[in-house]
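Here's the structure we're looking at; comments come further down.
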Amino acid sequence: MSRRQYPFHLIEPKWQAKWEMEQTFRAFNPGESVPNGHPFGTRHSLAGKNPSATELPPKFYILDMFPYPSGAGLHVGHPEGYTATDILSRYRRACGCNVLHPMGWDSFGLPAEQYAVKTGQHPRKTTDENIANFTRQIKSLGFSYDWSREVATTDPEYFRWTQWVFLQIYNSWFNPETNRAEPISTVKHPTDCDTDQKKRAYRDSKRLAFVSEAPVNWCPELGTVLANEEVIDGKSEVGGFPVIRKPMRQWMLRITAFAERLLADLDTIDWSESLKEMQRNWIGRSEGAGVDFQVDGHAAKIRVFTTRPDTLFGATYMVLSPEYKLVKELTTPGQAAAVNKYQEFASGRSDLERTELAKEKTGVFTGAYAINPVNGEKIPIWIADYVLASYGTGAIMAVPAHDTRDFEFAQKFNLPIVQVVQPPDSKTDWQGFVDEGTSVNSTGPEISITGLSTTEAKKKITAWLEEKGLGKKTINFKLRDWLFSRQRYWGEPFPIIWKRDAAGNLYHEALPESTLPLLPPALDDYKPTADGQPPLARATDWVNLPDSSIRETNTMPQWAGSCWYYLRYLDAKNAQSFVGKEAESYWMGTSASPKFKAQSSKSGDIATAANFELETLNFELGKATPGVDLYVGGTEHAVLHLLYARFWHKVLHDLGHVSTPEPFFKLVNQGLILGEDGQKMSKSRGNVVNPDDVLKEFGADAFRLYEMFMGPLQDTKPWNTRGVEGVYRFLGRVWRLFVDEKAETAFEQAETTAPAPNAELLDILVLNGAIADVAASAAQLKALHACIKKVTEDLDGMRFNTAISAMMVLVNEANTWQTRPLSVMRPFLQLLAPFAPHVAEELWSRLHSTFGQTAPSLTYAPWPAFDPSLLVESEIEIPISVNGKLRDLIRVATDADNATLEAAARSAEKVKPYLEGRTVKKVIVVPRKMVNIVVA
RNA sequence: GCCGGUGUGGCGAAAUGGCAGACGCAUUGGACUUAAAAUCCAAGGGGCCUUUAAAAGCCCGUGCCGGUUCGAGUCCGGCCACCGGCACCA
């Protein structure tokens with residue numbers, strides 16, 4: 001494809017400059033002044049005013065997941081979601097919403113720091129350069145972001161508030177009685193907390209941000225600990241380096257306290273089922289019973305968690321995790337050496353080894369025995385690393401007959417296997433049968449559940465355990481507390497200092513809010529110290545304070561900044577607060593503006609633009625959209641970012657800082673874009689498509705259009721350059737519908753001789769003579785209104801690909817028209833505008849100047865309405881089938897009744913032969929659709 | 001192993017239970033051109049029958065098997081394949 005279809009290289013920069021100068025896409029907060037001449041003010045009669053929340057039109061908050069500005073720049077996957085949200089933003093503006101559509105940078109992160117370690121260049125410099133490049137690329141695509149709200153997580157004015165939010169969490173606890181986060185000051189100390197030190201220790205143990213000395217995922221290669229979520233198959237998610245378990249003092253956030261709410265509230269939000277499932281699995285709620293086992297000859301009891309209390313009679317041994325507290329105490333002298341050795345072996349094993357060697361069970365007998373509470377039998381106590389210290393109580397009762405893992409273990413170590421569940425199908429082997437069935441061999445001196453179904457048995461035995469004080473119904477979660485500290489330089493420092501009390505014990509204290517932001521110190525060397533201290537520990541001047549207290553040297557993980565950025569956008573410049581109350585309640589709240597309510601109560605029979613607008617908004621209002629109305633991003637954040645952000649939001653909600661319990665009302669995952677070879681794009685495969693190259697050859701409008709035309713947004717689909725050419729040709733056809741061919745030739749000649757690209761040359765172009773301010777024919781109106789209907793409905797349903805095909809249909813038809821009425825071509829440009837805004841703006845302005853008008857703002861021009869009456873056909877073609885097989889097509893009046901249709905069908909030329917000599921058993925007539933004749 | 005999703009032309013894909021394949025790509029033919037590019041027009045799931053050729057006609061066809069229905073790509077049951085997630089969570 002050598003010839004340029006239309007001068008996008010002049011048009012696109014021209015309109016991008018215009019939008020930037022005019023601040024076309026600026027969203028106005030309640031109370032903000034709407035400048036005279038701003039098209040938003042003109043559209044909504046708010047020019048020169050300071051509208052309150054109730055005077056502003058209804059809000060629509062449409063958000064992209066902000067990117068990490070990597071050195072590699074954008075790939076074609078980024079703009080897929082961005083294009084979809086941009087189209088919807090422009091559509092919503094046209095519909096009359098106050099649209100908030102911001103962009104920013106998740107700019108803390110490892111690559112800049114690793115580069116700093118290698119070269120000594122400050123990560124801020126790398127980060128700023130990458131942000132500049134990303135900004136250039138994103139702006140070249142013509143997205144309608146309100147850049148006045150841009151944020152970067154690395155900006156001290158931003159992370160000042162990240163630190164502030166951390167302090168909110170730090171200064172809170174979870175009150176189980178109210179099921180909410182509350183200020184730490186409301187904690188009631190137990191009576192034995194009689195000293196200040198004890199009170200402080202108690203308070204600190206309750207905080208939502210707390211310090212824990214637990215084994216953590218340590219990655220030697222990265223020199224940092226990682227959250228469970230960041231470890232994949234025993235390797236670091238970033239870089240794929242081995243991860244080992246190591247006990248360290250770390251900051252944790254008590255996300256587990258919110259597990260139940262994080263799970264339950266999934267039902268209140270409009271996310272894909274698969275995404276919700278991923279979160280549900282991650283939270284991993286399971287119901288069962290905690291059961292106490294007495295240890296033979298000891299005072300100690302061991303509590304286990306089981307989801308199958310009905311199999312208690314089949315518990316033939318018990319397993320503790322190697323790290324279990326009582327192991328040492330219980331182990332008999334004869335087994336001490338073996339147990340010790342095993343504990344060492346297990347602690348040295350990385351998660352990777354644990355996973356890879358999972359098939360082969362290992363373990364050691366402690367020499368101790370427990371008493372099975374249901375039948376008083378002595379069962380051996382083992383330790384094995386297939387039992388995890390961090391789940392449940394770190395101890396299990398083993399029921400080898402009905403648990404796959406226990407079965408394997410029992411077989412390997414020759415432990416007894418006793419059947420206690422009978423499978424419903426008698427042919428099924430009971431050994432290793434883990435599903436529900438009927439209890440057998442389950443009768444003890446005090447309790448029997450033999451003969452009961454699994455469900456009944458569970459109920460009965462749990463009740464018995466509770467009554468005897470031997471156990472109780474328990475709910476467990478897979479979700480662990482969030483390991484929140486990292487040994488890195490390029491992250492938010494904790495606003496925390498450490499002091500010693502009179503007894504010499506270390507304790508932590510928050511810095512006052514007024515001292516924020518706490519900036520990281522300058523360093524020459526960004527590596528962790530040799531003894532494993534974080535890089536910040538190198539800055540001794542910074543670490544050691546005059547009063548001999550010392551600073552926390554860990555930094556926050558990258559997720560911290562992305563946990564609340566969508567709130568900062570609401571009021572990005574606020575220096576007093578992380579977000580202003582009024583801005584928060586307007587953009588995140590659910591209350592519709594009274595102005596809107598007044599409007600929507602008006603009635604109207606004729607479908608006008610204004611009426612249509614109200615209908616769409618009514619529809620939206622009916623769905624109540626608390627929080628972000630639409631959030632679009634990749635699936636890779638299904639359990640990390642999206643779970644953490646929900647957690648922070650709930651804390652902020654409990655503390656009264658935000659209006660809604662959930663941050664993101666509707667969420668859509670865009671699908672992956674594969675390379676042209678159908679493989680995942682990657683540098684090593686050499687199949688990466690760079691948007692810059694595509695833009696240079698085809699322009700931003702074609703690029704945007706192609707990304708949407710490829711297929712449904714949510715689907716994974718391969719890139720195809722030929723496909724770009726196809727939509728590019730479509731834009732060329734649109735161009736030629738509007739532009740005079742001779743003038744275009746002249747323009748092209750002028751262009752080839754021009755020394756540099758010159759947008760003024762566009763003035764050579766004149767409008768195509770076929771465009772005239774004349775009445776449109778019925779067929780033309782019908783074509784237009786069918787297109788309006790389809791595009792509008794498809795935009796509401798986010799079916800961008802079919803909306804584009806509808807516009808192609810219209811353009812193909814318009815190509816055959818001798819005259820192209822203004823009243824058809826003008827609304828068409830409005831339909832095209834969200835998809836291909838640059839070319840639409842250019843043609844829109846030409847259309848108006850040619851017909852002697854000042855062009856109103858295309859961005860804020862009311863979305864065209866379709867008139868259903870124009871779509872009504874007087875005659876339609878309907879299929880006639882005999883015995884379900886299509887035999888003929890007949891033309892009938894649209895409103896033909898059943899009798900007429902049946903008669904017409906029976907006498908249809910190609911139907912008759914099938915009816916001859918047969919009896920008609922039945923005739924199904926669906927008016928306006930089809931007729932089916934059933935014959936014997 | 002568990003959970004979720006997807007299977008439709010050569011390719012990307014469309015189809016409130018009612019004409020399968022809209023729209024686009026690639027392909028083929030034609031117009032324009034000295035020629036090419038670009039553009040415009042047209043053809044197009046597979047098979048059979050007949051024919052100089054075409055049209056018309058008939059049969060088959062939405063991963064596989066079965067069911068519901070006058071009618072199934074669409075709904076139900078059972079399989080298969082691929083993609084994504086989780087995975088010793090008791």
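In what follows, chains are A, B, ... by sequence order, proteins preceding strands, each numbered from 1. Note that the structure is a prediction, hence the values are computed from the model and not measured.
Look at Thr716(A) and you won't find any side-chain N or O under 4.0 angstrom from OP1 or OP2 of rG84(B). For Lys885(A), no side-chain nitrogen or oxygen approaches OP1 or OP2 of rA72(B) to under 4.0 Å. Taking 4.0 angstrom as the limit, Arg736(A) places a side-chain polar atom (N or O) nearer than this to OP1 or OP2 of rC40(B). For Gln279(A), no side-chain nitrogen or oxygen approaches OP1 or OP2 of rG85(B) to under 4.0 Å. Residue Tyr391(A) places at least one side-chain N or O closer than 4.0 Å to OP1 or OP2 of rA90(B). For the pair Asn812(A) and rG24(B), the criterion of a side-chain N or O lying under 4.0 Å from OP1 or OP2 is met. Here Arg887(A) does not reach the OP1 or OP2 of rC19(B): none of its side-chain N or O atoms lies under 4.0 Å away. One finds a side-chain N or O of Lys922(A) lying less than 4.0 angstrom from the OP1 or OP2 phosphate oxygen of rC70(B).
Between Ile283(A) atom CD1 and rC2(B) atom C1' there is a gap of 18 Å when expressed in whole angstrom units. At whole-Å resolution of the value, CD in Glu744(A) and P in rA38(B) are 16 Å apart. In this structure, Arg308(A) places its CZ atom 20 Å from P of rC88(B), rounding to the nearest Å. Computed from coordinates, the Tyr728(A) OH to rC25(B) C1' distance equals 17 Å when rounded to whole Å. rG24(B) atom C1' lies 15 Å from atom CZ of Phe835(A), rounded to whole Å. Distance, Arg729(A) CZ to rC40(B) C1': 12 Å, rounded to whole Å. One can place CG of Asn801(A) at 8 Å from C1' of rA14(B), the figure rounded to the nearest angstrom. Separating the CG atom of Asp435(A) from the P atom of rA90(B) is a distance of 14 Å, rounded to the nearest angstrom.
For the P atoms, the distance linking rG57(B) with rC76(B) amounts to 36 Å, nearest Å. rA20(B) and rG71(B) have their C1' atoms separated by 14 Å, given to the nearest Å. Spacing between rU52(B) and rG61(B) at atom C1', rounded to whole Å, works out to 31 Å. Here, rU69(B) and rC3(B) have their C1' atoms 33 Å apart, quoted to the whole Å.
Taking the syn range as angles within 90° of 0, the glycosidic angle of rG29(B) is outside it, so the base is anti.
Rounding to the nearest 0.5 angstrom, the gap separating the CD atom in Glu80(A) from the CE atom in Met710(A) is 7.0 Å.
In the set rA90(B), rC25(B), rC70(B), rC25(B) carries the atom at the smallest distance from any side-chain atom of Asn720(A). Side-chain proximity of Lys478(A) to the nucleotides rC23(B), rA90(B), rC86(B) is greatest for rC86(B). Nearest to the side-chain atoms of Thr802(A) among the listed nucleotides rA90(B), rA15(B), rC88(B) stands rA15(B). Nearest nucleotide to the Met808(A) side chain, out of rC25(B), rC19(B), rC23(B): rC23(B). Side-chain proximity of Lys717(A) to rG12(B), rA90(B), rG85(B): nearest is rG12(B). Side-chain atoms of Tyr914(A) lie closest to rC58(B) of the nucleotides rG18(B), rC58(B), rA90(B). Nearest nucleotide to the Lys910(A) side chain, out of rG85(B), rA90(B), rG57(B): rG57(B). Nearest nucleotide to the Pro712(A) side chain, out of rA87(B), rA38(B), rA14(B): rA14(B). Out of rA90(B), rA22(B), rG4(B), the shortest distance to the side chain of Ser286(A) is found at rA90(B). The side chain of Glu277(A) lies closest to rC3(B) when the candidates are rC23(B), rC19(B), rC3(B).
The partner of rC40(B), taking Watson-Crick or G-U wobble pairs whose two distances both stay under 3.5 Å, is rG30(B). Of all nucleotides present, only rC86(B) satisfies the Watson-Crick or G-U wobble test against rG1(B), with each distance under 3.5 Å. Pair assignment for rU74(B): none, as no Watson-Crick or G-U wobble contacts are both less than 3.5 Å. With a 3.5 Å ceiling on both atom-pair distances, rA35(B) lacks any Watson-Crick or G-U wobble partner.
Nearest heavy-atom pair, Lys910(A) versus Arg887(A), reported as atom, atom and distance to 0.1 Å: CB-O, 3.4 Å.
Heavy atoms of Val926(A) sit under 4.0 angstrom from at least one base atom. Counting non-hydrogen atoms under 4.0 angstrom, Met710(A) reaches the backbone sugars and phosphates but no base.
Using cut-offs of 30° and 60° for the angle between ring planes, the Phe433(A) and His402(A) rings count as perpendicular.
A donor and an acceptor atom sit less than 3.5 Å apart, one in the side chain of Lys361(A) and one in the base of rC88(B). At a cut-off of 3.5 angstrom, the base of rC86(B) holds no donor-acceptor pair with the side chain of Asn281(A).
The residue among Thr816(A) and Gly392(A) whose nearest nucleotide of RNA chain B is located toward the 5' end is Thr816(A). Nearer to the 5' terminus of RNA chain B, by closest-nucleotide assignment, is the contact made by Leu275(A) (compared with the other of Leu275(A) and Gly394(A)).
With hydrogens and angles ignored, the 3.5 Å screen pairs no side-chain donor or acceptor of Tyr386(A) with any backbone N or O of Phe409(A).
Side-chain contact check for Thr307(A) and Glu287(A): no donor-acceptor pair (N or O, by modelled atom type) lies under 3.5 Å.
Separation of the Tyr342(A) and Phe345(A) ring centroids falls under the 6.0 Å cut-off. For Phe698(A) and Phe703(A), the distance between ring centers is not under 6.0 angstrom.
The side-chain tip of Arg646(A) points at the ring of Trp271(A) from less than 6.0 angstrom away and within 45° of straight on.
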